[in-house]
Undergrad: 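Supplied in structure tokens, the structure appears directly below.
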Amino acid sequence: MDLRESTQDREFREQVRVFVEGALPGDIRGRVLDFKRLEREDYVRWQRILYEQGWGAPGWPSDHGGTGWNALQRVVFEAQRQRFLPGILTMDEWWCQGYSEPGAGSDLAALSTRAQRQADTYVINGQKMWTSFAHWADWIFCLVRTRSEGKPQDGISFLLVDMRTPGVSVKPIRTLDQGSDICQVFFDDVVVPAKNLVGQENQGWAIAKYLLGHERTNMAGVGMCKRLLSRLEHFARSERKRGKPLMEDIRFRDRLAKLEIDLLSHEWSLLRLTSLERSGNAIGPEASILKIRGSEIQQELAALLMECAGPYAIPYVAQALEPGYTGETAGGDHLNALAAQYFDLRKVSIYGGTSEVQKNIIAKSHLGF
Ligand SMILES: Cc1cc2nc3c(=O)[nH]c(=O)nc-3n(C[C@H](O)[C@H](O)[C@H](O)COP(=O)(O)OP(=O)(O)OC[C@H]3O[C@@H](n4cnc5c(N)ncnc54)[C@H](O)[C@@H]3O)c2cc1C
């Protein structure tokens, strides 16, 4: 395995840096750096800029072969690609992920939302839970039960549902940071064309597992950790303890150094796995290791950021996260969002599969339990 950067890699890195510096709108950049809330329009605007650059979906394979599908299935799949991929790239259509349900989170195969085949449609009844951004979504990709007999995993199908279909309703859930980006989605006799089935009936589990593997690799969160770390270093220079910048406090520096080392080794693990994937190996349970470490480091960084601000991190004004807020706060504008950020990041060790469940996966595959 060769982890050295080639000249091409270096040129690409530089190209990305120059592009982002020039193309990322200043208002979005400011909001992200100050941990302010982003609006739907902010996400869409940035995605369109990436799309114009040809970087709308870097992870999509250029070749979809090797599925063993018959000719008709391939035509259906092609039609789905033509129908849906352009809207995803330009973000004209916002998608959400309908996997979890009450009683089927970690034990996802226990899901009970039912889709019954009726002529050339499916009729869906049930409820999804913790669906991120469902209140903004135009479409949801859903795991549904199409067979009750046999192994639970073998009775699950993957369906695409237009959120405007009669019978779909969305109820946002208030979160610890006073946000409402996650929702419950209810399906009451929702009629969906059978052509919206992805792959074959009762074989949705394999698709879901494939997607979750990629989701977990993305959740390594190296970029997010670096952003938090650079914010932390900035605060450590400006915030003072007993008259001196926090950065000069030896105990604080120790903790900062440990986190920097953890992040560096985490980044190398990600590079190592990416290099394996590049040489044709599928990423398996290693994605779980990345997810656990990424969650831990993000949460530790957020906790240390809170400590930097000391008591000023405690008075939490939720409105201060909204763009354009001009009211007063205890410690100044730059400290407003720290508590919300800290609470919001509790989620990273839960979504995409909890840390405990990732440890089970690692134990089973690597330790043989
Ligand atoms: C912010 C956020 C966004 C989310 N977005 C989405 C989304 O867009 N789409 C979607 O489908 N889902 C989404 N989820 C749901 C997420 O995938 C689930 O919350 C997660 O899989 C855990 O399931 P659960 O909440 O039902 O908890 P449970 O499965 O009930 O787990 C409760 C506790 O028990 C532990 N536990 C459970 N089973 C085991 C076991 N076998 N061994 C050891 N410990 C165990 C867990 O680790 C956890 O601590 C989101 C969740 C959050 C918090």
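In each ligand, atom 1 is the first atom listed, and ligand 1 is the first ligand listed. Reckoned from all heavy atoms, side chains included, excluding hydrogens, waters and symmetry mates.
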Undergrad: What protein heavy atom lies closest to atom 9 (N) of ligand 1? Include the residue and the distance to one decimal.
TA: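 Checked against all protein heavy atoms, atom 9 (N) of ligand 1 sits closest to Q97 O, 2.7 Å.
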Undergrad: Return yes when atom CZ of R117 has more than 12 non-hydrogen atoms of other residues, nucleotides or ligands closer than 6.0 Å, and no otherwise.
TA: yes
Undergrad: Between R45 (side chain only) and I28 (backbone N and O only), is there a donor and an acceptor less than 3.5 Å apart?
TA: no
Undergrad: How far is atom 20 (C) of ligand 1 from its nearest protein heavy atom, and which residue and atom name does that atom have?
TA: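 For atom 20 (C) of ligand 1, the nearest protein heavy atom is I350 O, 3.6 Å.
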Undergrad: Check each atom of ligand 1 against the heavy atoms of I182 and keep those under 4.0 Å away; list them by number with element.
TA: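 So the atoms of ligand 1 that pass are 1 (C), 2 (C), 3 (C).
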Undergrad: What protein heavy atom sits nearest atom 21 (O) of ligand 1, and how far away is it?
TA: G105 C, 3.7 Å
Undergrad: May I ask you to list the atoms of ligand 1 that are less than 4.0 angstrom from any heavy atom of K347?
TA: 1 (C)
Undergrad: Can you tell me how far CG of L271 sits from CG of L276, rounded to the nearest 0.5 angstrom?
TA: 11.5 Å
Undergrad: In this structure, which one of F141, W136, W139 forms a ring pair (Phe, Tyr, Trp, His ring centres under 6.0 Å) with W94?
TA: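 Among F141, W136, W139, the one meeting ring pair (Phe, Tyr, Trp, His ring centres under 6.0 Å) with W94 is W136.
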Undergrad: Write out the residue and atom name of the closest protein heavy atom to atom 51 (C) of ligand 1, then the distance separating them to 0.1 Å.
TA: Y351 CB, 3.6 Å
Undergrad: Quick one: which of L50, V44, D42 gives a side chain to side chain contact (heavy atoms under 4.5 Å, CB included) with W46?
TA: L50
Undergrad: Of the choices A110, S106, C183, which has the non-hydrogen atom that lies closest to atom 29 (O) of ligand 1?
TA: S106
Undergrad: If we only count N/O pairs under 3.5 Å, is D107 in contact with ligand 1?
TA: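 Min N/O separation from ligand 1 is not below 3.5 Å for D107.
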Undergrad: When you look at I156 and N202, which way does the side chain to side chain contact (heavy atoms under 4.5 Å, CB included) test go after all the steps?
TA: CA-CA 5 Å; I156 292 173; N202 297 321; over 6 Å; no
Undergrad: Considering all protein heavy atoms, does one lie under 4.0 Å from atom 2 (C) of ligand 1?
TA: yes
Undergrad: Report, in ascending order of atom number, the atoms of ligand 1 lying under 4.0 Å from any heavy atom of T131.
TA: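 Contacts of ligand 1 toward T131, numbered from 1: 7 (C), 8 (O).
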Undergrad: Give the residue, atom name and distance (to 0.1 Å) of the protein heavy atom nearest atom 46 (C) of ligand 1.
TA: T354 OG1, 3.6 Å
Undergrad: What part of T175, side chain, backbone, both or neither, has a heavy atom within less than 4.0 angstrom of ligand 1?
TA: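 For T175, there is no contact with ligand 1 at all, from either part.
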Undergrad: Would S132 count as a polar contact of ligand 1, with the cut-off being nitrogen or oxygen pairs under 3.5 Å?
TA: yes
Undergrad: Please answer whether the main-chain N or O of I289 pairs with a side-chain N or O of Q358 as donor and acceptor at a distance below 3.5 Å.
TA: no
Undergrad: List the closest protein heavy-atom neighbour of atom 18 (C) of ligand 1: residue, atom name, distance to the nearest 0.1 Å.
TA: S100 OG, 4.0 Å
Undergrad: Hey, are the side chains of S269 and L290 touching, using non-hydrogen atoms and a 4.5 Å cut-off?
TA: yes
Undergrad: Under the ring pair (Phe, Tyr, Trp, His ring centres under 6.0 Å) rule, what do W55 and F19 come out as? Steps first, then yes or no, please.
TA: CA-CA 11 Å; W55 294 350; F19 170 74; 4.9 Å; yes
Undergrad: Kindly say whether Q127 contributes a backbone atom to a donor-acceptor pair with the side chain of T113 at under 3.5 angstrom?
TA: yes
Undergrad: Any link between Y99 and I361 through a network of hydrophobic side chains (Ile, Leu, Val, Met, Phe, Trp, Tyr) touching at under 4.5 Å?
TA: no
Undergrad: For G352 and ligand 1, answer yes if some heavy atom of the residue is under 4.0 Å from a ligand atom, otherwise no.
TA: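 Yes, G352 has a heavy atom closer than 4.0 Å to ligand 1.
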Undergrad: Considering only protein heavy atoms, determine whether one is less than 4.0 Å from atom 42 (N) of ligand 1.
TA: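 For atom 42 (N) of ligand 1 the answer is yes, since some protein heavy atom falls inside 4.0 Å.
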Undergrad: What protein heavy atom is closest to atom 40 (C) of ligand 1, reported as residue, atom name and distance in Å?
TA: N360 ND2, 3.5 Å
